[in-house]
Number of protein chains: 2
Amino acid sequence: MSQSPLSIPLDRSSPVPLYFQCAQEMERRILSGELPVGTRLENEVVLAGRLGLSRPTLRRAIEYLVDRGLLVRKRGVGTQVVQPRVRRPLELSSLYDDLCQAGQQPRTEVRKLAVEPAPDPISVALELAPATEIYVLHRLRFAGGEPLALLHNYLPTHIVELTETMLMDRGLYEILRSAGVTMKIANQTIGARTAGQAEAEELWEEAGAPLLTMQRTSYNDVGRPVEIGSHTYRASRYTFELTLTG
Amino acid sequence: MSQSPLSIPLDRSSPVPLYFQCAQEMERRILSGELPVGTRLENEVVLAGRLGLSRPTLRRAIEYLVDRGLLVRKRGVGTQVVQPRVRRPLELSSLYDDLCQAGQQPRTEVRKLAVEPAPDPISVALELAPATEIYVLHRLRFAGGEPLALLHNYLPTHIVELTETMLMDRGLYEILRSAGVTMKIANQTIGARTAGQAEAEELWEEAGAPLLTMQRTSYNDVGRPVEIGSHTYRASRYTFELTLTG
DNA sequence: GAGTGGTCTAGACCACTCA
DNA sequence: GAGTGGTCTAGACCACTCA
C-alpha cells in the first residue's frame, strides 16, 4: 500500500474543467498501472495544495473516479486505488454501435418501414392518442455475415423522419441522436423463449432454438417516451453484459 | 410550466446532511405530485437564498435528484421536474430480497453445501491459488410454491461461514452483508438456452423449455472477488428488469 | 442583454478511524 | 490525539440560452 506524491499538469486556459482534467489524468495513470492497485493517495488537503486546486475541485475529480469504481474513499482512513472491475457502467447503448466497436461489421436489412395507426398498447406506452400514426419498423441485424437479431421498433412520427437508406447505414439510436433527440433513460425487460418456425428461418436457427428477448421503452430528457423496441436475439450468438453497482 | 416558490423545513441539529434533507423533501413532493411534472424551479441563487442554504449545498441536493432522473437541468434555461421513469436505478440486489418485496414468499432448498477444491476457472475468477478450498453451493429457489431458479454459487471460505440452516431462511447476499462483506460491484452476463432433462425436472419444465441464464462475479469495495453465481431461471416465470441511463 | 446553470476558490467545522 | 474524508459557506467569474 504505497503512498504516491501525485503531480498533474493542468491547463487553466483550456475549456475542459480542471476537475475533469485532473480526473482523466488520474484515470489514465490507474489504468496504465502508474498508480497500481492499493496505492493510497495523499489526503485531500495536501493533494489539493500540491496540484494547485481548491479542495472542492479536487474532491469533484476524486468523486468522479469513485463513481467509476477506480477509487475508494473511507472517512478517517483515506483514498485508495482499487482494481477496476467495470466493463462499462451500463450505458444506454445501441446494438449497432456495440457491434461496430467489437469489430463485428454489422449489416441491417430493413424488412418493413411503414407509417400506421398505433395499436392500443403501443399508443399507450408512447403516450399518444389512440390510433395516432407511428413508424413501424422491422429490421434484421447481421453481424459477421450471420443474422443476429430481429429488431422491431415503434416511434412517433413527429420526432424524426426515417428512410430505408439511412436505416441501412446507421443504428436507430444514432439517427435519433443526430436528429436532436436525446435518449436519457430506458426501461428494459430481458427474457427468453423458444423460436417459432418463421423467426427460426429468419435467424438461421431451428424451431425451438432458445432466443433472448428484450423489450425497451426509451424516454428523452424530460421523460417523454420516444421509442419502443421489441427485439429478439439468437441466444447462441448473443448475451447481455452489464455491470451493477450498489 | 408553472413556477414554484419552494419552502423546505431544514433541521440543522439533525445528523442528516442538509443537502440530503433538502433532496428527500423535494423527492417526496415530486412523487406525491405537489411538484407536478413540468414545474420549473426557481434559479439556484434565489432558491438557495429562500431555503437558507449556500448555493453549493442546494446544487448538491439538485444533483442528487438529477442523477435519480427526477429533475433536468439545462444551462441558460433552468431546472425542471420530469416524469420519473426509473423502476429502480439498477442496484446490486438479491433475488431473495426482490421476491420478498414482491410478496412472493420465497423458499430455498439447499441441494449441496460443501467445501471443495476450486476447479481452475473458479479459482482464477476468485483470484485464489489453484485448488484452494471454496464453498460450493447449489440451491433451488421456490416462489409462490413453484420452482423459479437453480442457483449455483462459489465463495472463498475465509469471508464467511455458511450453514444449511441460515441458507434456508435468508438470501446469500443478506448473509454476506451481515457478515460484514460489502458487495460493491458485479459483472453479469445474461443469456438463454434450452433445458436439459435433469434441470427440466428440477424446475418442473419440459426438456427443451427456454431458460434464462445469469453468470455473475461480485466484488467488494476494494475490488476483490467475493462470490461467483451461475443461475438458471425458468423463462416462463422470470425476466430481468432494468433501467439504463445515458 | 438578462437570466440561467457550470466551475472554482479559500476557507470552516465536524465525525469518523486507528494507533 | 493525530489524521482522514464529509459537509457547508459566501462568494467569484464564466458559458450558454433565448428573446
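Side chains are part of it too, since the values below use all heavy atoms of this structure and drop only hydrogens, waters and symmetry mates.
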* Asked: Reading DNA chain C 5' to 3', what string of ( ), [ ], | and . shows its pairs, if Watson-Crick and G-U wobble pairs count only when both distances fall under 3.5 Å?
  -> ||||||||||||||||||.

* Hey, could you give me each pair passing salt bridge (Lys or Arg N to Asp or Glu O under 4.0 Å) that has a residue in residues 153-172 of chain B? Not counting sequence neighbours. =>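 The answer is R170(B)-E174(B).
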
Would you mind reading off the distance between [X] atom [atom1] and [N] atom [atom2], rounded to a whole angstrom?
X      : N       : atom1 : atom2 : result
N43(B) : dC18(D) : CG    : P     : 16 Å
L41(B) : dG3(C)  : CG    : P     : 18 Å
E44(B) : dA2(C)  : CD    : C1'   : 17 Å
K74(A) : dG3(D)  : NZ    : C1'   : 16 Å
Y64(B) : dG6(D)  : OH    : C1'   : 16 Å
L10(A) : dT7(C)  : CG    : C1'   : 14 Å
L71(B) : dG5(C)  : CG    : C1'   : 13 Å

* Quick one: salt bridge (charged side-chain N to carboxylate O under 4.0 Å, His left out) partners of E27(B), sequence neighbours excluded? ->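 For E27(B), the residues satisfying salt bridge (charged side-chain N to carboxylate O under 4.0 Å, His left out) (neighbours in sequence not counted) are R68(B).
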
* Asked: By salt bridge (charged side-chain N to carboxylate O under 4.0 Å, His left out), which residues pair with R60(B), not counting sequence neighbours?
  ->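 With neighbours one apart ignored, the set is empty.
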
* To do: Under the side chain to side chain donor-acceptor pair (under 3.5 Å) rule, collect the residues that match up with S32(B), sequence neighbours excluded.
  =>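 S32(B) satisfies side chain to side chain donor-acceptor pair (under 3.5 Å) with E34(B) once adjacent residues are dropped.
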
* When you check every protein heavy atom under 4.0 Å of nucleotides 8-16 of chain D, what one-letter string (B, S, -) results, 5' to 3'? -> SBB-B--BB

* Is a side-chain donor or acceptor of Y154(A) paired with a backbone partner of I122(A) at a separation under 3.5 angstrom? ->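 Here the side-chain-to-backbone pair does not exist.
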
* **N or O in side chain of R73(B) less than 4.0 angstrom from dT4(C) OP1/OP2** =>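 For dT4(C), OP1/OP2 do not have a side-chain N/O of R73(B) under 4.0 Å.
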
What donor-acceptor contacts under 3.5 angstrom involve side-chain atoms of residues 69-79 of chain A, with partners at least two apart or in another chain?
none

* Any idea which heavy atoms bring L6(B) and R50(B) closest together, and the distance? ->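 Nearest pair, atom of L6(B) first, then R50(B): O-CD, 2.5 Å.
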
* **Qualifying residues under ring-ring contact (aromatic ring centres under 6.0 Å, His included), relative to Y64(A), sequence neighbours excluded** =>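 Y64(A) satisfies ring-ring contact (aromatic ring centres under 6.0 Å, His included) with F20(A) once adjacent residues are dropped.
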
* Asked: Restricting to pairs with a member in residues 22-53 of chain B, which pass ring-ring contact (aromatic ring centres under 6.0 Å, His included), not counting sequence neighbours?
  ->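 Passing the test, one end in residues 22-53 of chain B: no pairs.
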
